[in-house]
Number of protein chains: 2
Amino acid sequence: MALGKDYATQECSIARALEIVGERWTLLVVRDALYGVRRYNDFLVHLGIPRAVLAARLQTLTAEGILEKRRYQESPPRDEYVLTERGIALWPTLRALGAWGREHFTDGRLRYFRHADCGTELGPYGECARCGTIVPVADVLMEPGPGLDPDPVDPISRALLKPRRLLEPMETDQA
Amino acid sequence: MALGKDYATQECSIARALEIVGERWTLLVVRDALYGVRRYNDFLVHLGIPRAVLAARLQTLTAEGILEKRRYQESPPRDEYVLTERGIALWPTLRALGAWGREHFTDGRLRYFRHADCGTELGPYGECARCGTIVPVADVLMEPGPGLDPDPVDPISRALLKPRRLLEPMETDQA
DNA sequence: ACGCTCGGTTCGATGACTGAACCTATCGTC
DNA sequence: GACGATAGGTTCAGTCATCGAACCGAGCGT
(Lines give C-alpha, C1' and ligand atoms only; values in the text may rest on other atoms or scores of the structure.)
Protein backbone atom coordinates (compact mmCIF):
# COMPACT_ATOMS: atom_id res chain seq x y z
CA MET A 1 0.00 0.00 0.00
CA ALA A 2 2.88 2.27 -0.77
CA LEU A 3 0.74 5.00 -2.16
CA GLY A 4 1.45 8.64 -1.39
CA LYS A 5 -0.80 8.27 1.55
CA ASP A 6 -0.84 5.30 3.83
CA TYR A 7 -3.22 4.80 6.68
CA ALA A 8 -0.64 6.11 9.12
CA THR A 9 -2.94 8.46 10.94
CA GLN A 10 -5.36 5.67 11.67
CA GLU A 11 -4.78 4.29 15.10
CA CYS A 12 -6.70 1.21 14.39
CA SER A 13 -5.92 -2.42 13.93
CA ILE A 14 -8.31 -2.60 10.99
CA ALA A 15 -6.25 0.01 9.21
CA ARG A 16 -3.04 -1.82 10.07
CA ALA A 17 -4.47 -5.02 8.68
CA LEU A 18 -5.61 -3.30 5.51
CA GLU A 19 -2.18 -1.86 4.92
CA ILE A 20 -0.95 -5.41 4.66
CA VAL A 21 -3.75 -7.33 3.00
CA GLY A 22 -5.80 -4.46 1.59
CA GLU A 23 -4.16 -4.24 -1.78
CA ARG A 24 -5.80 -5.51 -4.89
CA TRP A 25 -5.52 -9.31 -5.34
CA THR A 26 -3.87 -9.89 -1.98
CA LEU A 27 -6.81 -11.50 -0.20
CA LEU A 28 -7.55 -13.62 -3.24
CA VAL A 29 -4.03 -14.97 -3.13
CA VAL A 30 -4.54 -15.87 0.52
CA ARG A 31 -7.88 -17.46 -0.32
CA ASP A 32 -6.26 -19.63 -2.96
CA ALA A 33 -3.52 -20.56 -0.52
CA LEU A 34 -6.21 -21.72 1.91
CA TYR A 35 -7.72 -23.76 -0.90
CA GLY A 36 -4.39 -25.53 -1.25
CA VAL A 37 -2.72 -23.62 -4.07
CA ARG A 38 1.01 -23.31 -3.53
CA ARG A 39 2.78 -22.71 -6.81
CA TYR A 40 3.38 -19.57 -8.76
CA ASN A 41 1.91 -20.94 -11.92
CA ASP A 42 -1.20 -22.26 -10.25
CA PHE A 43 -1.92 -18.89 -8.67
CA LEU A 44 -1.28 -17.28 -12.02
CA VAL A 45 -3.70 -19.38 -14.00
CA HIS A 46 -6.42 -19.67 -11.40
CA LEU A 47 -6.49 -15.99 -10.49
CA GLY A 48 -5.84 -14.52 -13.92
CA ILE A 49 -3.57 -12.03 -12.21
CA PRO A 50 -0.77 -10.22 -14.07
CA ARG A 51 2.57 -11.94 -13.48
CA ALA A 52 4.30 -8.86 -12.13
CA VAL A 53 1.52 -8.24 -9.61
CA LEU A 54 1.56 -11.85 -8.45
CA ALA A 55 5.31 -11.72 -7.93
CA ALA A 56 4.95 -8.51 -5.92
CA ARG A 57 2.14 -9.92 -3.78
CA LEU A 58 3.95 -13.16 -3.06
CA GLN A 59 6.96 -11.16 -2.00
CA THR A 60 5.16 -8.85 0.40
CA LEU A 61 3.07 -11.69 1.81
CA THR A 62 6.29 -13.59 2.44
CA ALA A 63 7.94 -10.52 3.95
CA GLU A 64 4.99 -10.05 6.30
CA GLY A 65 5.14 -13.62 7.47
CA ILE A 66 1.85 -14.67 5.93
CA LEU A 67 3.36 -17.02 3.38
CA GLU A 68 6.55 -18.98 3.61
CA LYS A 69 8.66 -19.68 0.56
CA ARG A 70 9.84 -23.23 0.63
CA ARG A 71 11.94 -25.30 -1.73
CA TYR A 72 10.21 -28.50 -2.61
CA GLN A 73 12.64 -29.86 -5.15
CA GLU A 74 16.22 -29.14 -6.00
CA SER A 75 16.52 -29.93 -9.63
CA PRO A 76 15.19 -27.92 -11.21
CA PRO A 77 14.96 -25.65 -8.18
CA ARG A 78 11.33 -25.00 -7.43
CA ASP A 79 9.77 -23.14 -4.55
CA GLU A 80 6.26 -23.19 -3.21
CA TYR A 81 4.43 -20.71 -1.05
CA VAL A 82 2.78 -22.11 2.05
CA LEU A 83 0.59 -20.31 4.55
CA THR A 84 2.04 -19.68 7.97
CA GLU A 85 0.05 -19.57 11.21
CA ARG A 86 -0.42 -15.89 10.63
CA GLY A 87 -1.78 -16.54 7.18
CA ILE A 88 -4.10 -19.28 8.33
CA ALA A 89 -5.41 -16.84 10.92
CA LEU A 90 -6.98 -14.88 8.09
CA TRP A 91 -9.56 -17.62 7.57
CA PRO A 92 -12.20 -16.04 9.82
CA THR A 93 -11.89 -12.78 7.91
CA LEU A 94 -12.24 -14.48 4.56
CA ARG A 95 -15.09 -16.59 5.86
CA ALA A 96 -16.94 -13.48 7.09
CA LEU A 97 -16.29 -11.63 3.86
CA GLY A 98 -17.44 -14.57 1.79
CA ALA A 99 -20.56 -15.02 3.87
CA TRP A 100 -21.39 -11.36 3.39
CA GLY A 101 -20.79 -11.53 -0.35
CA ARG A 102 -22.88 -14.64 -0.71
CA GLU A 103 -25.71 -13.28 1.37
CA HIS A 104 -25.95 -9.98 -0.45
CA PHE A 105 -24.51 -10.31 -3.91
CA THR A 106 -24.52 -13.90 -5.13
CA ASP A 107 -27.34 -16.08 -6.32
CA GLY A 108 -26.85 -19.79 -6.35
CA ARG A 109 -24.59 -21.56 -3.93
CA LEU A 110 -21.06 -21.75 -5.26
CA ARG A 111 -19.47 -23.75 -2.48
CA TYR A 112 -20.36 -25.42 0.75
CA PHE A 113 -18.10 -25.47 3.76
CA ARG A 114 -18.68 -28.27 6.22
CA HIS A 115 -17.24 -29.63 9.41
CA ALA A 116 -15.31 -32.64 8.16
CA ASP A 117 -16.00 -34.62 11.35
CA CYS A 118 -19.78 -34.47 11.17
CA GLY A 119 -20.73 -33.03 7.78
CA THR A 120 -22.62 -30.09 9.23
CA GLU A 121 -22.47 -26.94 7.18
CA LEU A 122 -20.50 -24.14 8.81
CA GLY A 123 -22.26 -21.12 10.25
CA PRO A 124 -21.29 -17.58 9.29
CA TYR A 125 -18.46 -17.50 11.81
CA GLY A 126 -16.96 -20.79 10.74
CA GLU A 127 -18.57 -22.63 13.61
CA CYS A 128 -20.24 -26.02 13.63
CA ALA A 129 -23.70 -25.65 15.12
CA ARG A 130 -23.95 -29.34 15.89
CA CYS A 131 -20.64 -29.71 17.68
CA GLY A 132 -20.84 -26.23 19.13
CA THR A 133 -17.25 -25.43 18.29
CA ILE A 134 -15.24 -23.22 16.03
CA VAL A 135 -13.96 -25.58 13.37
CA PRO A 136 -10.18 -25.61 12.89
CA VAL A 137 -9.19 -24.66 9.38
CA ALA A 138 -7.76 -28.07 8.60
CA ASP A 139 -11.11 -29.67 9.50
CA VAL A 140 -13.10 -27.63 7.05
CA LEU A 141 -14.35 -29.58 4.08
CA MET A 142 -15.04 -27.60 0.93
CA GLU A 143 -17.54 -28.90 -1.59
CA PRO A 144 -18.70 -27.49 -4.91
CA GLY A 145 -22.22 -26.11 -5.04
CA PRO A 146 -24.76 -26.15 -7.86
CA GLY A 147 -23.99 -22.62 -8.99
CA LEU A 148 -20.40 -23.45 -9.80
CA ASP A 149 -19.34 -23.45 -13.42
CA PRO A 150 -15.62 -24.15 -13.62
CA ASP A 151 -13.20 -22.97 -16.23
CA PRO A 152 -12.32 -26.13 -18.19
CA VAL A 153 -8.83 -24.99 -19.10
CA ASP A 154 -7.86 -24.29 -15.51
CA PRO A 155 -6.66 -27.38 -13.65
CA ILE A 156 -7.14 -25.68 -10.27
CA SER A 157 -10.72 -24.92 -11.09
CA ARG A 158 -11.26 -28.56 -11.99
CA ALA A 159 -9.48 -29.83 -8.92
CA LEU A 160 -11.84 -27.77 -6.78
CA LEU A 161 -14.77 -29.80 -8.10
CA LYS A 162 -13.89 -32.59 -5.74
CA PRO A 163 -14.58 -32.19 -2.04
CA ARG A 164 -11.35 -31.13 -0.40
CA ARG A 165 -10.11 -30.03 2.95
CA LEU A 166 -8.74 -26.56 3.31
CA LEU A 167 -4.95 -26.34 3.25
CA GLU A 168 -4.68 -29.73 1.59
CA PRO A 169 -2.05 -29.25 -1.10
CA MET A 170 -3.10 -29.44 -4.73
CA GLU A 171 -1.79 -32.22 -6.89
CA THR A 172 -1.46 -30.42 -10.14
CA ASP A 173 0.76 -32.96 -11.78
CA GLN A 174 -1.76 -35.62 -12.65
CA ALA A 175 -4.56 -33.14 -13.23
CA MET B 1 -12.92 -1.80 -8.80
CA ALA B 2 -13.23 -0.65 -12.37
CA LEU B 3 -9.68 -1.43 -13.28
CA GLY B 4 -8.80 -3.03 -16.61
CA LYS B 5 -9.28 -6.34 -14.95
CA ASP B 6 -12.04 -7.12 -12.53
CA TYR B 7 -12.41 -10.35 -10.67
CA ALA B 8 -14.91 -11.59 -13.22
CA THR B 9 -13.42 -14.99 -13.71
CA GLN B 10 -13.57 -15.71 -10.02
CA GLU B 11 -16.64 -17.68 -9.18
CA CYS B 12 -16.42 -16.86 -5.56
CA SER B 13 -18.38 -14.80 -3.11
CA ILE B 14 -15.17 -13.49 -1.62
CA ALA B 15 -14.22 -12.05 -4.98
CA ARG B 16 -17.70 -10.57 -5.39
CA ALA B 17 -17.43 -8.95 -1.99
CA LEU B 18 -14.01 -7.56 -2.76
CA GLU B 19 -15.24 -6.01 -5.95
CA ILE B 20 -17.55 -3.92 -3.83
CA VAL B 21 -15.64 -3.20 -0.64
CA GLY B 22 -12.12 -4.08 -1.75
CA GLU B 23 -11.08 -0.67 -2.98
CA ARG B 24 -8.75 1.52 -1.04
CA TRP B 25 -10.44 3.37 1.85
CA THR B 26 -13.79 1.68 1.40
CA LEU B 27 -13.69 -0.55 4.47
CA LEU B 28 -12.38 2.30 6.57
CA VAL B 29 -15.38 4.37 5.57
CA VAL B 30 -17.63 1.53 6.66
CA ARG B 31 -15.70 1.21 9.91
CA ASP B 32 -16.20 4.89 10.64
CA ALA B 33 -19.86 4.55 9.82
CA LEU B 34 -20.11 1.77 12.38
CA TYR B 35 -18.41 4.05 14.86
CA GLY B 36 -21.19 6.55 14.32
CA VAL B 37 -19.70 8.90 11.74
CA ARG B 38 -22.32 10.12 9.30
CA ARG B 39 -21.23 13.37 7.71
CA TYR B 40 -19.00 14.06 4.77
CA ASN B 41 -16.80 16.43 6.69
CA ASP B 42 -16.39 14.08 9.63
CA PHE B 43 -15.28 11.24 7.37
CA LEU B 44 -12.95 13.65 5.65
CA VAL B 45 -11.17 14.87 8.74
CA HIS B 46 -11.09 11.61 10.61
CA LEU B 47 -9.86 9.50 7.71
CA GLY B 48 -7.55 12.02 6.10
CA ILE B 49 -8.89 10.81 2.75
CA PRO B 50 -8.76 12.95 -0.40
CA ARG B 51 -12.09 14.68 -0.97
CA ALA B 52 -12.59 13.28 -4.45
CA VAL B 53 -11.98 9.73 -3.26
CA LEU B 54 -14.39 10.14 -0.36
CA ALA B 55 -17.09 11.44 -2.67
CA ALA B 56 -16.56 8.49 -5.00
CA ARG B 57 -16.65 5.94 -2.16
CA LEU B 58 -19.78 7.40 -0.61
CA GLN B 59 -21.44 7.24 -3.98
CA THR B 60 -20.61 3.63 -4.74
CA LEU B 61 -21.42 2.53 -1.19
CA THR B 62 -24.78 4.24 -1.55
CA ALA B 63 -25.32 2.68 -4.96
CA GLU B 64 -24.58 -0.78 -3.57
CA GLY B 65 -27.04 -0.33 -0.75
CA ILE B 66 -24.46 -0.26 2.01
CA LEU B 67 -25.03 3.35 2.96
CA GLU B 68 -28.17 5.39 2.67
CA LYS B 69 -28.08 9.09 1.93
CA ARG B 70 -30.56 10.88 4.10
CA ARG B 71 -31.47 14.51 4.51
CA TYR B 72 -31.28 15.57 8.11
CA GLN B 73 -31.99 19.26 7.74
CA GLU B 74 -33.57 21.37 5.06
CA SER B 75 -31.96 24.73 5.42
CA PRO B 76 -29.23 24.64 4.50
CA PRO B 77 -29.86 21.26 2.88
CA ARG B 78 -27.59 18.71 4.50
CA ASP B 79 -27.38 14.97 3.97
CA GLU B 80 -25.90 12.27 6.11
CA TYR B 81 -24.82 8.77 5.22
CA VAL B 82 -26.24 6.01 7.39
CA LEU B 83 -25.47 2.31 7.27
CA THR B 84 -28.15 0.01 5.96
CA GLU B 85 -28.72 -3.56 7.11
CA ARG B 86 -26.35 -4.64 4.41
CA GLY B 87 -23.71 -2.28 5.69
CA ILE B 88 -24.17 -3.31 9.30
CA ALA B 89 -23.70 -6.90 8.14
CA LEU B 90 -20.08 -6.07 7.44
CA TRP B 91 -19.38 -5.87 11.17
CA PRO B 92 -18.23 -9.49 11.50
CA THR B 93 -15.78 -8.99 8.66
CA LEU B 94 -14.34 -5.85 10.18
CA ARG B 95 -14.25 -7.46 13.57
CA ALA B 96 -12.31 -10.44 12.20
CA LEU B 97 -9.95 -8.22 10.27
CA GLY B 98 -9.33 -6.01 13.27
CA ALA B 99 -8.74 -8.99 15.53
CA TRP B 100 -6.19 -10.32 13.08
CA GLY B 101 -4.44 -6.97 12.77
CA ARG B 102 -4.32 -6.52 16.51
CA GLU B 103 -3.06 -10.03 17.14
CA HIS B 104 -0.28 -9.88 14.60
CA PHE B 105 0.67 -6.29 13.95
CA THR B 106 -0.28 -4.03 16.82
CA ASP B 107 1.26 -3.63 20.20
CA GLY B 108 -0.77 -2.03 22.92
CA ARG B 109 -4.53 -2.25 23.03
CA LEU B 110 -6.14 0.53 21.07
CA ARG B 111 -9.77 -0.21 21.79
CA TYR B 112 -11.90 -2.62 23.72
CA PHE B 113 -15.19 -3.96 22.47
CA ARG B 114 -17.57 -5.19 25.11
CA HIS B 115 -21.04 -6.57 25.43
CA ALA B 116 -22.96 -3.56 26.70
CA ASP B 117 -25.33 -5.73 28.75
CA CYS B 118 -22.69 -7.41 30.87
CA GLY B 119 -19.37 -5.66 30.22
CA THR B 120 -17.62 -8.79 28.98
CA GLU B 121 -15.04 -8.23 26.31
CA LEU B 122 -15.99 -9.62 22.93
CA GLY B 123 -14.30 -12.69 21.55
CA PRO B 124 -12.70 -12.77 18.13
CA TYR B 125 -16.00 -13.49 16.42
CA GLY B 126 -17.89 -10.73 18.16
CA GLU B 127 -19.42 -13.12 20.65
CA CYS B 128 -19.91 -12.71 24.38
CA ALA B 129 -18.35 -15.65 26.15
CA ARG B 130 -20.37 -15.05 29.30
CA CYS B 131 -23.77 -14.78 27.67
CA GLY B 132 -22.88 -17.31 25.01
CA THR B 133 -24.37 -15.25 22.22
CA ILE B 134 -23.30 -13.28 19.20
CA VAL B 135 -23.66 -9.69 20.31
CA PRO B 136 -25.86 -7.53 18.07
CA VAL B 137 -23.98 -4.58 16.66
CA ALA B 138 -26.03 -2.04 18.55
CA ASP B 139 -25.14 -3.74 21.84
CA VAL B 140 -21.41 -3.45 21.32
CA LEU B 141 -19.74 -0.94 23.59
CA MET B 142 -16.49 0.53 22.33
CA GLU B 143 -13.97 1.86 24.82
CA PRO B 144 -10.58 3.45 24.31
CA GLY B 145 -7.56 1.40 25.29
CA PRO B 146 -4.24 2.49 26.76
CA GLY B 147 -2.41 2.48 23.44
CA LEU B 148 -4.67 5.11 21.97
CA ASP B 149 -3.21 8.53 21.28
CA PRO B 150 -5.85 10.69 19.62
CA ASP B 151 -5.31 13.50 17.17
CA PRO B 152 -6.19 16.64 19.17
CA VAL B 153 -7.39 18.61 16.16
CA ASP B 154 -9.85 15.91 15.11
CA PRO B 155 -13.19 16.11 16.91
CA ILE B 156 -14.09 12.55 15.89
CA SER B 157 -10.90 11.24 17.39
CA ARG B 158 -11.71 13.04 20.62
CA ALA B 159 -15.30 11.89 20.65
CA LEU B 160 -14.07 8.29 20.43
CA LEU B 161 -12.32 8.71 23.77
CA LYS B 162 -15.60 8.25 25.56
CA PRO B 163 -17.18 4.81 25.69
CA ARG B 164 -19.78 4.64 22.97
CA ARG B 165 -22.07 2.12 21.41
CA LEU B 166 -21.55 1.20 17.80
CA LEU B 167 -23.89 2.97 15.38
CA GLU B 168 -24.66 5.68 17.93
CA PRO B 169 -24.55 8.89 15.92
CA MET B 170 -21.77 11.39 16.63
CA GLU B 171 -22.62 14.76 18.02
CA THR B 172 -20.03 16.86 16.31
CA ASP B 173 -21.66 20.20 17.00
CA GLN B 174 -20.72 20.70 20.62
CA ALA B 175 -17.38 18.97 20.28
C1' DA C 1 -22.11 42.96 1.47
C1' DC C 2 -18.81 39.92 3.62
C1' DG C 3 -16.96 36.02 5.22
C1' DC C 4 -17.80 31.30 6.89
C1' DT C 5 -19.12 26.36 6.63
C1' DC C 6 -20.58 22.31 4.31
C1' DG C 7 -20.37 19.37 0.53
C1' DG C 8 -18.80 18.75 -3.10
C1' DT C 9 -16.12 19.07 -8.44
C1' DT C 10 -11.99 19.92 -11.31
C1' DC C 11 -7.33 19.29 -12.53
C1' DG C 12 -2.39 18.25 -13.00
C1' DA C 13 1.09 15.11 -11.04
C1' DT C 14 2.22 10.76 -9.24
C1' DG C 15 2.06 6.01 -8.71
C1' DA C 16 -0.16 1.32 -9.18
C1' DC C 17 -2.04 -2.07 -12.26
C1' DT C 18 -2.28 -4.31 -16.84
C1' DG C 19 -0.80 -7.07 -20.67
C1' DA C 20 2.62 -8.46 -23.52
C1' DA C 21 7.25 -9.53 -24.39
C1' DC C 22 11.42 -11.24 -22.85
C1' DC C 23 14.71 -14.05 -19.94
C1' DT C 24 17.08 -17.98 -17.46
C1' DA C 25 17.54 -22.54 -15.85
C1' DT C 26 16.41 -27.16 -16.25
C1' DC C 27 14.17 -31.10 -18.02
C1' DG C 28 12.61 -34.70 -21.55
C1' DT C 29 13.00 -36.22 -26.08
C1' DC C 30 14.79 -37.24 -30.31
C1' DG D 1 23.40 -32.23 -28.47
C1' DA D 2 19.76 -29.47 -30.72
C1' DC D 3 14.79 -28.64 -29.71
C1' DG D 4 10.91 -27.53 -27.40
C1' DA D 5 8.42 -27.19 -23.09
C1' DT D 6 7.84 -25.67 -18.31
C1' DA D 7 8.42 -22.99 -14.06
C1' DG D 8 9.28 -18.73 -12.26
C1' DG D 9 10.18 -14.83 -12.83
C1' DT D 10 11.76 -9.39 -14.86
C1' DT D 11 11.10 -5.43 -17.96
C1' DC D 12 8.49 -2.04 -20.20
C1' DA D 13 5.05 1.06 -22.24
C1' DG D 14 0.27 2.43 -21.65
C1' DT D 15 -3.69 3.07 -18.83
C1' DC D 16 -6.20 3.94 -14.80
C1' DA D 17 -6.73 5.24 -9.85
C1' DT D 18 -5.24 8.07 -6.28
C1' DC D 19 -3.36 12.38 -4.31
C1' DG D 20 -3.35 17.15 -2.98
C1' DA D 21 -4.56 21.56 -3.89
C1' DA D 22 -7.57 24.76 -5.92
C1' DC D 23 -11.98 26.09 -7.05
C1' DC D 24 -17.14 26.41 -6.63
C1' DG D 25 -21.98 27.27 -5.04
C1' DA D 26 -25.62 27.32 -1.74
C1' DG D 27 -27.01 29.00 2.42
C1' DC D 28 -26.14 30.81 6.56
C1' DG D 29 -24.81 34.86 10.45
C1' DT D 30 -23.69 39.65 11.15
Side-chain angles (χ1 to χ4, degrees), chain A residues 1-9 18-19 21-29 37-62 67 69-82 153-156 170-175, chain B residues 1-9 18-19 21-29 37-62 67 69-82 153 155-156 170 172-175:
Chain A
M1 194 127 300
L3 212 41
K5 180 110 186 186
D6 57 13
Y7 298 142
T9 63
L18 286 173
E19 282 192 35
V21 297
E23 286 176 306
R24 197 157 152 70
W25 294 109
T26 301
L27 279 178
L28 293 182
V29 171
V37 177
R38 298 184 163 193
R39 299 185 194 174
Y40 182 92
N41 222 48
D42 291 343
F43 285 111
L44 195 70
V45 172
H46 187 233
L47 290 171
I49 182 177
R51 306 175 78 88
V53 177
L54 175 59
R57 294 296 180 273
L58 290 175
Q59 199 174 347
T60 64
L61 284 171
T62 304
L67 294 177
K69 189 171 183 172
R70 193 154 84 184
R71 178 140 306 181
Y72 68 91
Q73 71 177 30
E74 285 299 335
S75 170
R78 290 282 181 265
D79 297 316
E80 59 186 3
Y81 295 89
V82 186
V153 306
D154 170 19
I156 305 298
M170 290 277 170
E171 300 303 331
T172 38
D173 308 300
Q174 83 278 17
Chain B
M1 194 127 299
L3 214 40
K5 180 111 189 182
D6 57 13
Y7 298 142
T9 62
L18 285 174
E19 282 193 35
V21 297
E23 284 176 306
R24 198 159 150 69
W25 296 108
T26 301
L27 280 178
L28 292 182
V29 171
V37 177
R38 297 184 162 192
R39 299 187 194 171
Y40 183 91
N41 222 48
D42 291 343
F43 284 112
L44 196 70
V45 172
H46 187 234
L47 290 172
I49 181 178
R51 307 175 77 87
V53 177
L54 176 58
R57 294 297 180 272
L58 291 174
Q59 199 173 350
T60 64
L61 284 172
T62 304
L67 294 176
K69 190 171 185 173
R70 190 153 84 185
R71 179 141 304 183
Y72 68 91
Q73 71 177 29
E74 284 299 336
S75 168
R78 291 282 180 266
D79 298 316
E80 59 184 5
Y81 295 89
V82 186
V153 306
I156 304 298
M170 291 277 170
T172 38
D173 308 302
Q174 84 277 15

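Proteins come first, then strands; the chains are lettered A, B, ... in the order of their sequence lines, and each starts at number 1.
The distance between atom CD of B:Gln73 and atom P of D:dG27, rounded to the nearest whole Å, is 12 Å. In this structure, A:Phe43 atom CZ and D:dA7 atom P are separated by 15 Å, rounded to whole Å. Atom CG of A:Leu47 and atom P of C:dC17 are 14 Å apart (whole Å). Straight-line distance from the CZ atom of A:Arg71 to the P atom of D:dG8: 11 Å, rounded to whole Å. Between A:Ile49 atom CD1 and D:dG8 atom P there is a gap of 15 Å when expressed in whole angstrom units.
The main-chain N or O of A:Pro76 is found under 3.5 Å from a side-chain atom of A:Gln73 such that the two form a donor-acceptor pair. No donor-acceptor pair closer than 3.5 Å links the side chain of B:Gln59 to the backbone N or O of B:Thr62.
Distance CZ/A:Arg78 to OH/A:Tyr40: 12.0 Å, rounded to 0.5 Å. If you take CG on A:Leu28 and CG on A:Leu54, they are separated by 11.5 Å, rounding to the nearest 0.5 Å. Considering CZ of A:Arg57 and CG of A:Leu67, their distance stands at 12.5 Å, rounded to 0.5 Å. Distance check: B:Arg70 CZ to B:Tyr81 OH gives 13.0 Å after rounding to the nearest 0.5 Å.
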Output one letter per nucleotide in nucleotides 3-10 of chain C: B when a protein non-hydrogen atom lies under 4.0 Å from the base, S when only the sugar-phosphate is that close, - when neither is.
--BBBBBB
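Contact check, A:Trp25 against C:dT18: a side-chain N or O comes under 4.0 Å of OP1 or OP2.
Partners of B:Asp79 under the salt bridge (charged side-chain N to carboxylate O under 4.0 Å, His left out) rule, at least two apart in sequence or in another chain, are B:Arg71.
B:Val53 comes within contact range of the sugar-phosphate backbone alone, with a heavy-atom separation under 4.0 Å but no base atom that close.
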Atom pairs, protein N/O to nucleotides 28-30 of chain D N/O, distance under 3.5 Å:
{"unit_1": "D:dC28", "atom_1": "OP1", "unit_2": "B:Ser75", "atom_2": "O", "d": "2.8"}
{"unit_1": "D:dC28", "atom_1": "OP1", "unit_2": "B:Ser75", "atom_2": "OG", "d": "2.6"}
{"unit_1": "D:dC28", "atom_1": "OP1", "unit_2": "B:Pro76", "atom_2": "N", "d": "2.9"}
{"unit_1": "D:dC28", "atom_1": "OP2", "unit_2": "B:Ser75", "atom_2": "OG", "d": "2.4"}

Given the rule in the side chain to side chain contact (heavy atoms under 4.5 Å, CB included) test, do B:Ile156 and B:Val45 qualify, once you have shown the distances and angles that lead to the verdict?
CA-CA 8 Å; B:Ile156 304 298; B:Val45 172; 5.8 Å; no
